[in-house]
Amino acid sequence: MNEETIYQGRDLKLVLTDIEDGIVRLQEVDEERIIQSMLHHIGSTDPELRDQLIYTLFYRFIIEDDQLTNEQLTNMLKTTLKYHLFHGIGEEASDTVFTRSFSTLLIALIVCIKTVNKDFYRRRTSTC
């Protein structure tokens, strides 16, 4: 997804607030644009956008509501590992630590749900 389709921080904040408040659902908006914008802004220096909206909604989408497909989760994991996990490593006096830190939290959510789903599937098929 190119930079032109990524929401700017303030616009993303408005859309995510509407999702958080239940005014709109993720499936009612451009889901891929939202996810890509959330990934793009995962290291934002705005704590409301980063902590209360992006991370909290990723948690809801992935863990609580199981709203994302395996393909979406895999793509998110690949993007995070390739572009975010080591972003700005070694830089001094840089805010890139937020990108790396919140990327590790997102990776943990994805690994957790993939492990839970895999274990659930194994248990279901092994008893049949």
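Scope of the values below: all heavy atoms of this structure, side chains included, with no hydrogens, waters or symmetry mates.
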Between [X] and [Y] (side chain of the first, backbone of the second, donor and acceptor by atom type, cut-off under 3.5 Å), is there such a pair?
| X | Y | answer |
| --- | --- | --- |
| Thr96 | Thr99 | no |
| Asp46 | Glu48 | yes |
| Arg60 | Glu20 | yes |
| His41 | Tyr7 | yes |
| Thr104 | Ser101 | yes |
| Arg100 | His87 | yes |
| Arg33 | Ile6 | no |

**Request:** Quick one: do Ile42 and Met38 satisfy side chain to side chain contact (heavy atoms under 4.5 Å, CB included)? Show the steps, please.
**Result:** CA-CA 6 Å; Ile42 198 164; Met38 290 170 73; over 6 Å; no

**Asked** Would you say the side chain of Glu32 lies within less than 4.5 Å of the side chain of Asp30, judging by non-hydrogen atoms?
**Response**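 They are in contact (side-chain heavy atoms under 4.5 Å apart), so the answer is yes.
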
**Asked** Is NZ or CZ of Arg50 both nearer than 6.0 Å to the six-membered ring centre of Tyr55 and within 45° of the ring axis?
**Response**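 Not flagged: Arg50 not positioned over aromatic ring of Tyr55.
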
**Request:** Return yes if a side-chain donor-acceptor contact under 3.5 Å exists between Gln67 and Gln72, otherwise no.
**Result:**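 The answer is no; no qualifying pair exists.
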
**Prompt:** Out of curiosity, Thr56 OG1 to Phe58 CZ, how far, rounded to the nearest 0.5 Å?
**Reply:**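 Rounded to the nearest 0.5 Å, the OG1-CZ separation comes to 11.5 Å.
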
**Identified side-chain contact (heavy atoms from CB on, under 4.5 Å) counterpart of Phe61 within the set Asp66, Ile19, Leu109** =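 Option passing the side-chain contact (heavy atoms from CB on, under 4.5 Å) with Phe61: Ile19.
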
**Exceeds 12 heavy-atom contacts within 6.0 angstrom, atom CD of Glu71** =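 Incorrect, the count does not exceed 12.
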
